[in-house]
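The sequence lines fix the lettering, A, B, ..., with proteins before strands; numbering per chain opens at 1.
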2 protein chains.
Amino acid sequence: MAMKIKDIAKVAGVSTATVSNVINGNHNKVSEETIKRVMQIVEENDYNPSATARSLARKESKIIGVVMPNLAPDEPFSISPYYTQILAMLEKYVRTKGYYLMVRSVGKCAEIVPVFSTWNVDGMIILGAFRDEVPELEDKLKKVPTVYIDTYASDLNIANIGIDDYKGGYLAARYLMGKGHREIAFVGPNVDSPGVIKQRFKGFSDALAEKNIQITADNIFESLTMFEQGVEAGRKVAFSKKKFTAVVSMSDILAFGVMEGLKLSGLKVPDDISVIGFDNLPECRYSNPQLTTVSQNLEKKAHDAGDALFRMIESKEMISVNEIVDVEIVERQSVREVYN
Amino acid sequence: MAMKIKDIAKVAGVSTATVSNVINGNHNKVSEETIKRVMQIVEENDYNPSATARSLARKESKIIGVVMPNLAPDEPFSISPYYTQILAMLEKYVRTKGYYLMVRSVGKCAEIVPVFSTWNVDGMIILGAFRDEVPELEDKLKKVPTVYIDTYASDLNIANIGIDDYKGGYLAARYLMGKGHREIAFVGPNVDSPGVIKQRFKGFSDALAEKNIQITADNIFESLTMFEQGVEAGRKVAFSKKKFTAVVSMSDILAFGVMEGLKLSGLKVPDDISVIGFDNLPECRYSNPQLTTVSQNLEKKAHDAGDALFRMIESKEMISVNEIVDVEIVERQSVREVYN
DNA sequence: ATAAATAAGTTAACCGTTAAACCTAATAAG
DNA sequence: CTTATTAGGTTTAACGGTTAACTTATTTAT
């Protein structure tokens with residue numbers, strides 16, 4: 001059985017309070033002598049204070065709760081690399097601060113947030129929540145520093161790190177038009193429900209409208225954002241009545257699927273049709289053709305989210321930020337110029 | 001401030017013990033009447049018992065600690081998709097059991113294991129530990145159910161879920177030889193240090209030896225397992241004195257890099273040179289050519305690890321398993337037949 | 001020489017639950 | 001009719017720390 005603070009105190013011939021003071025660095029309360037002695041006993045016995053007990057007494061935990069969306073609840077690979085990538089970066093960030101990550105992926109956040117609270121988490125990061133669930137969440141998590149990533153809710157006075165989704169859609173369209181494309185398909189989740197996709201679509205269609213290109217329902221291929229669904233969407237694009245010269249896809253993984261679907265339908269990318277993705281995952285460099293995409297700068301998002309969160313934790317007050325990380329086109333090989 | 005058990009007890013006019021009994025389902029100790037009343041008050045006040053206090057009292061936590069190797073400590077994307085993939089699957093597994101995951105990636109496991117212990121984790125999963133660190137670990141984690149994934153230590157009486165690495169290397173070589181290849185490069189971490197790579201290399205070279213093909217130092221390209229290092233290795237393979245017709249790579253991500261490096265050196269895959277990977281990540285389907293690889297069946301590994309872990313947790317006894325998940329070649333497009 | 005301040009502790013309450021031991025009235029058994 | 005048993009609780013001591021308040025001996029200031 002592992003040693004407890006009482007045991008250390010007994011061996012050292014001091015009270016538990018003294019031991020507590022030395023291991024917590026309240027060294028003004030205790031003599032050099034005693035510090036040395038206690039420390040040595042701690043080392044010798046490989047004593048680690050119970051994080052649970054400490055957390056109970058201090059009402060803090062050095063743990064950060066992360067809730068991730070579970071994109072397709074029953075699939076084995078249902079968590080997008082986009083989110084696992086961010087998770088890895090967040091883990092790195094909190095690690096440098098001496099914190100731990102508690103992770104849960106789930107359909108609805110509202111169930112999990114209260115559980116994190118019961119663990120006295122010092123902060124929470126919520127990935128990809130919908131705007132509409134935010135009010136309920138805010139109600140439940142009262143007083144726990146929280147930062148959202150990718151929640152489109154600028155009106156809500158929360159701390160959110162997102163991108164300029166409108167600009168992302170806009171840039172993609174401009175880029176493609178700059179390469180001479182005019183018949184462009186849009187592949188992604190429903191463009192009407194409020195959220196990031198709606199914004200992106202708005203930017204996309206506004207850019208086209210500026211050049212007098214009208215978007216109709218035929219241009220839109222509604223699809224979830226994983227590979228298989230992309231394959232399906234790619235096929236539909238290939239066999240559509242409209243002859244598209246380019247497609248913009250709402251995630252890179254989806255774009256990989258689209259490229260595969262196009263290929264299976266006999267079209268070569270980018271020779272016959274161009275594809276642009278969204279996210280700029282490391283995977284973009286593995287694909288062939290390498291995927292041209294709208295970059296989200298994941299690293300900056302994760303880092304800024306960490307910064308915002310710890311600013312709140314350290315200052316002990318809720319701050320509301322609405323940070324917009326810049327987006328840009330990363331040119332690779334999946335888009336070619338077209339001449340009319 | 002959130003309600004505590006005392007508050008609920010006061011409102012219900014019962015003792016905290018009774019409240020505790022109803023929320024924990026010890027219903028034989030309390031009347032139907034009281035159960036109803038307490039439950040209602042619990043609901044009305046949205047009461048959630050403190051996980052921290054409960055954990056302290058019960059000496060258990062419903063949390064599973066996961067330690068992941070940090071492949072290249074200072075790189076932003078330093079955690080391989082191989083591990084994040086497994087992490088996502090493990091999260092799913094434990095979620096169905098009502099457990100939470102606490103995650104830490106770190107260079108050396110020995111520091112993190114004791115910390116998990118102080119959280120009263122009910123179990124731990126350790127990914128990719130080296131055999132040599134196991135004894136120290138076992139010493140530190142005394143009594144916490146633990147399962148290792150990918151630790152080659154069949155002699156050590158621990159619970160490990162791995163694959164038949166020897167067979168993996170053997171199969172890769174056989175497969176390539178079956179396609180007519182005789183000059184095969186091996187790209188991966190050091191083949192001498194004890195561990196999975198050594199085993200794979202043994203299988204690889206044994207298979208070749210069976211056909212009287214000798215492996216020399218020229219065939220081996222030592223490399224870490226991420227993309228960038230693969231690019232470098234691919235270049236070296238391309239410009240080596242020996243003319244290789246195929247390369248086996250110790251991870252898929254590495255193989256993507258190798259393909260890129262070969263391409264940058266003017267070689268086409270698979271026309272000029274074939275490449276076979278190891279892992280069978282979802283990404284293999286995104287690459288072009290799609291990567292032929294040795295499949296690890298990640299899903300089964302994660303699932304079996306979960307099974308083993310919860311078998312230990314539920315039976316409250318340490319069991320030692322040394323499970324070998326089967327490997328197989330998954331044929332895609334990165335290897336072609338060659339005629340001598 | 002005396003009061004005030006400081007150094008180096010100790011004591012004990014508290015953090016929020018659990019669970020073993022104890023209690024009491026009502027029912028069942030003999 | 002007396003004794004066991006049971007149903008339905010309550011009391012209280014853990015669980016393993018932290019920390020505010022208190023103590024005591026020694027310096028420092030006046």
**Q** Rounded to whole angstroms, how far apart are CG on N120(A) and P on dG16(D)?
**A**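 After rounding, the gap between these two atoms is 18 Å.
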**Q** Does either side chain, that of D307(A) or that of Y93(A), offer a donor lying less than 3.5 Å from an acceptor on the other one?
**A**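 There is such a pair (donor and acceptor under 3.5 Å, judged by atom type) between the side chains of D307(A) and Y93(A).
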**Q** Of all the nucleotides listed (dG17(D), dT10(D), dG9(C)), which has the minimum atom distance to the side chain of V14(B)?
**A**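 Of the candidates, dT10(D) comes closest.
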**Q** Take atom NZ of K59(A) and atom P of dG17(D), then tell me their distance rounded to the nearest Å.
**A**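 My rounded result for the distance is 18 Å.
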**Q** NA contact type, T34(B), heavy-atom cut-off 4.0 Å: base, sugar-phosphate, or nothing?
**A**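 Sugar-phosphate, no base atom in range.
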**Q** Without decimals, in angstroms, what is the distance between I5(A) CD1 and dT10(C) C1'?
**A**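 Taking atom C1' of dT10(C) as the reference, CD1 of I5(A) is at 13 Å.
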**Q** Looking only at side-chain N and O atoms, does Y47(A) come under 4.0 Å of OP1 or OP2 in dG16(D)?
**A**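 For Y47(A), the contact criterion (side-chain N or O under 4.0 Å from OP1 or OP2 of dG16(D)) is not met.
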**Q** Within 45° of the ring axis of F116(B) and under 6.0 Å from its six-membered ring centre, is that where the NZ or CZ of R104(B) lies?
**A**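 No, R104(B) and F116(B) do not form such a contact.
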**Q** Considering only dG9(C), dG9(D), dT18(C), which nucleotide approaches the side chain of T18(A) most closely?
**A**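 The answer is dG9(C), which lies nearest to the side chain.
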**Q** Measure the distance from CG on L56(A) to P on dG16(D) and round it to the nearest whole Å.
**A**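 Rounded to whole Å, this separation is 12 Å.
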**Q** So, is T16(A) close to the dG17(D) phosphate, meaning a side-chain N or O under 4.0 Å from OP1 or OP2?
**A**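 T16(A) to dG17(D) OP1/OP2: no side-chain N or O under 4.0 Å.
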**Q** Report yes if at least one side-chain N or O of S15(A) is closer than 4.0 Å to OP1 or OP2 of dT10(C); otherwise report no.
**A**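 S15(A) to dT10(C) OP1/OP2: side-chain N or O found under 4.0 Å.
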**Q** What is the separation between atom NE2 on H27(A) and atom P on dG9(C), rounded to the nearest whole Å?
**A**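 Distance, rounded to whole Å: 12 Å.
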**Q** Would you say the rings of Y99(A) and F310(A) are close, in the sense that their centroids are separated by under 6.0 Å?
**A**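 Close enough - the centres of the two rings lie under 6.0 Å apart.
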**Q** Calculate, to the nearest 0.5 Å, the distance between atoms CG and CG belonging to L87(B) and L87(A) respectively.
**A**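 L87(B) CG to L87(A) CG: 6.0 Å, rounded to 0.5 Å.
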**Q** Between K4(A) (NZ) and dA14(D) (P), how many Å, whole number?
**A**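 From K4(A) NZ to dA14(D) P: 11 Å.
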**Q** Taking the side chain of R54(B) as heavy atoms from C-beta outward, which of dG9(C), dT18(D), dT18(C) is closest to it?
**A**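 Closest nucleotide to the R54(B) side chain: dT18(C).
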**Q** Considering only dT18(D), dC15(D), dG9(D), which nucleotide approaches the side chain of I23(A) most closely?
**A**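 Nearest to the side-chain atoms of I23(A), counting from C-beta on, is dT18(D).
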**Q** Determine: side-chain N/O of N24(A) to OP1/OP2 of dT18(D), distance under 4.0 Å, yes or no.
**A**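 Result: yes.
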